[in-house]
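All residue numbers in this chain count up from 1 along the given sequence.
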Amino acid sequence: MLDPTRFASIEPVQGFIGNESFRLRTDAGETLYYKSGAAAAMSAEVWACERARQAGVLAPEIVESGPGYLIERALKGSASAEPAVLEQAGGQLRRLHEVAGEGYGFLQEGLRDDWLSVLVRPLDNLEVLAGIVHDELVRRLRGLRFADRLTPVAPRLLHGDLHPRHIFAEGNHFTGFIDWGDVAFGDPLFDLGRFSRAGEAATDALLRGYGIERSAELDWTLAFYRTIWGVMAMLWEHAAGGDWYAAHLEAIEADLPVLEI
């Protein structure tokens, strides 16, 4: 439990419904963040930040952690979607994806032997979202033929929830990635696909920094991964008792015609 007597001020911070987050300021003027939630997710985030930093990737420094909570040092600056920042972030993401793993999936859920089973699992659990995802959409999602379109890959370290709000910068200088609770091992394009929900301009900037060129096949894969991530996000939202589904459903409906060609 957070001890308020240790800090000069404590402010709640909006975040995922399954977590509690607070901005802390010390008497010396330093800013820290406290996050509490499921023990597995907090442990995964602590591990991910430390492993990313070992690999030379900018991530928050964990100053304290325990069962179900962590305290991290704030990164400089604020969230940024400036093209120059996203290009720098793309280069850092490429470095993150050089870290190899020994299994596939989200660290907090436990690793599996193959990537395909990680992608199929959310589609197999769509009944959980009955009344939210209509039967026709379930049929279309389960009818997607993707196994033969995805290139087999060795497991690589993924941020797992990459979007502009998790990319920090001071001016046009990238300062790091935040919110590592969904860290995973899998196909690096999964990170790029999730990020592509941010739109074409932001995606192009990130890809330039990453060093990968657009192609029809890449665009299909990014659309597929952002669709699968949308299904995963709705399942996580449901498990946490939330109700934020509309944006995910809208994005999925928009991509399905492309994926079904």
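Between A89 and F177 the shortest heavy-atom distance is O-CZ, 3.4 Å. Here the shortest heavy-atom pairing between Y210 and H97 reads OH-ND1, 2.8 Å. The nearest pair of heavy atoms linking S65 to V46 is CB-CG2, 3.7 Å. Residues V183 and A44 approach most closely at CG1-O, 3.6 Å, considering heavy atoms. Shown here for R53 and A59, the closest heavy-atom pair between the two residues is NH1-O, 2.9 Å. The heavy-atom pair separating W47 from F185 by the smallest distance is CH2-CZ, 3.7 Å.
Around the CZ atom of R214, the shell of radius 6.0 Å holds more than 12 heavy atoms that belong to other residues, nucleotides or ligands. Atom CG of N125 has more than 12 neighbouring heavy atoms from other residues, nucleotides or ligands inside a 6.0 Å radius. Counting non-hydrogen atoms of neighbouring residues, nucleotides and ligands closer than 6.0 angstrom, the CG atom of D135 reaches no more than 12 such neighbours. Other residues, nucleotides and ligands place no more than 12 heavy atoms under 6.0 Å from the CD atom of E250.
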Open item on the list: For L96 and L158: C-alpha separation, side-chain torsions, deciding distance, then whether side chain to side chain contact (heavy atoms under 4.5 Å, CB included) applies.
Closed with: CA-CA 7 Å; L96 179 73; L158 312 178; 5.8 Å; no

Task: From CA spacing to verdict: side chain to side chain contact (heavy atoms under 4.5 Å, CB included), L207, L192 - done: CA-CA 8 Å; L207 292 179; L192 300 177; 3.9 Å; yes

Open item on the list: Please determine whether salt bridge (charged side-chain N to carboxylate O under 4.0 Å, His left out) holds for the pair D179 and K35, giving the CA-CA distance in whole Å, both sets of side-chain angles, and the decisive distance to 0.1 Å.
Closed with: CA-CA 10 Å; D179 282 1; K35 182 186 290 187; 3.2 Å; yes

Open item on the list: Using side chain to side chain contact (heavy atoms under 4.5 Å, CB included), reason through E45 and L70 one step at a time and then give a plain yes or no.
Closed with: CA-CA 9 Å; E45 184 155 1; L70 63 85; 3.8 Å; yes

Open item on the list: With side chain to side chain contact (heavy atoms under 4.5 Å, CB included) as the criterion, how do L218 and L189 come out once you've worked through the C-alpha distance, each side chain's angles and the decisive distance to 0.1 Å?
Closed with: CA-CA 9 Å; L218 175 63; L189 295 183; 3.9 Å; yes

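Legend: residues meeting side chain to side chain contact (heavy atoms under 4.5 Å, CB included) with E213, ordered by chain and number and at least two apart, are absent. Residues that satisfy the side chain to side chain contact (heavy atoms under 4.5 Å, CB included) test with V13, not counting sequence neighbours, are S21, R23, Y33. With sequence neighbours excluded, no residue forms a salt bridge (charged side-chain N to carboxylate O under 4.0 Å, His left out) with D191.
Grouping the Ile, Leu, Val, Met, Phe, Trp and Tyr side chains by contacts below 4.5 angstrom, directly or via other members, places V258 apart from L249. The cluster map of Ile, Leu, Val, Met, Phe, Trp and Tyr, joined by side-chain heavy atoms under 4.5 Å apart, puts L86 and L58 in the same cluster. A continuous path of Ile, Leu, Val, Met, Phe, Trp and Tyr side chains, each step under 4.5 Å between heavy atoms, connects V133 with L144, placing both in one hydrophobic cluster. Hydrophobic clustering of Ile, Leu, Val, Met, Phe, Trp and Tyr side chains at less than 4.5 Å, counting indirect connections, unites L162 with W236. Residues W180 and F168 are members of separate hydrophobic clusters, defined by side-chain heavy-atom contacts under 4.5 angstrom among Ile, Leu, Val, Met, Phe, Trp and Tyr.
Taking the side chain as every heavy atom from C-beta outward, L32 and R25 never approach each other to under 4.5 Å. Counting heavy atoms from C-beta on, the side chains of W220 and F146 come closer than 4.5 Å. Looking at heavy atoms from C-beta onward, I71 lies in side-chain contact with R6 at the 4.5 angstrom threshold. Within the 4.5 Å cutoff, the side chain of E260 has heavy atoms near those of the R140 side chain. Between E87 and L206, the closest side-chain pair of non-hydrogen atoms is not below 4.5 Å. With a 4.5 Å cut-off on side-chain heavy atoms, L141 and L256 count as touching. Using a 4.5 Å heavy-atom cutoff, the side chains of L126 and L137 are not in contact. Taking 4.5 Å as the limit, some side-chain heavy atom of H163 sits within range of a side-chain heavy atom of D161.
The backbone N or O of F174 sits less than 3.5 Å from a side-chain atom of Q88, completing a donor-acceptor pair. Between the side chain of T175 and the main chain of G77, no donor-acceptor pair closer than 3.5 Å is present. At distances below 3.5 Å, not a single donor-acceptor pair connects side-chain atoms of S43 with backbone N or O atoms of A40.
The distance from the CZ atom of F7 to the OH atom of Y34 is 9.5 Å, given to the nearest 0.5 Å. With values rounded to the nearest 0.5 angstrom, S80 atom OG is found 8.5 Å from I167 atom CD1. Expressed to the nearest 0.5 Å, how far CG of L24 lies from CD of E11 amounts to 9.0 Å. For the atom pair CG of L123 and CZ of R142, the computed distance is 7.5 Å after rounding to the nearest 0.5 Å.
With hydrogens and angles left out, the side-chain atoms of H134 and R139 include no donor and acceptor closer than 3.5 Å. Using modelled atom types and a 3.5 Å distance limit, the side chains of Y69 and E64 yield a donor-acceptor pair.
Remark: aromatic rings of H159 and F195 are distant, center separation not under 6.0 Å.
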With a cut-off of 3.5 Å and sequence neighbours excluded, list every side-chain donor-acceptor pair involving residues 237-245.
from : atom 1 : to   : atom 2 : distance (Å)
E237 : OE2    : D243 : N      : 3.3
E237 : OE2    : W244 : N      : 3.2
Y245 : OH     : G242 : O      : 3.2

Would you give me the side-chain donor-acceptor pairs under 3.5 Å for residues 101-108, sequence neighbours excluded?
from : atom 1 : to   : atom 2 : distance (Å)
Y104 : OH     : V153 : O      : 2.6
Q108 : NE2    : G181 : O      : 3.1
Q108 : NE2    : D182 : OD1    : 3.4

Please set out all donor-acceptor pairs under 3.5 angstrom arising from side-chain atoms of residues 222-233, sequence neighbours excluded.
from : atom 1 : to   : atom 2 : distance (Å)
Y225 : OH     : W115 : NE1    : 2.9
Y225 : OH     : D187 : OD2    : 2.7
R226 : NE     : D255 : OD1    : 3.4
R226 : NE     : D255 : OD2    : 2.7
R226 : NH1    : S196 : OG     : 2.8
R226 : NH2    : D255 : OD1    : 3.0
T227 : OG1    : A223 : O      : 2.9

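Here E217 pairs with R149 in a salt bridge; the nearest charged N to carboxylate O distance falls below 4.0 Å. Between K76 and E61 there is no salt bridge, since none of the side-chain N atoms of the basic residue sits less than 4.0 Å from a carboxylate O of the acidic one.
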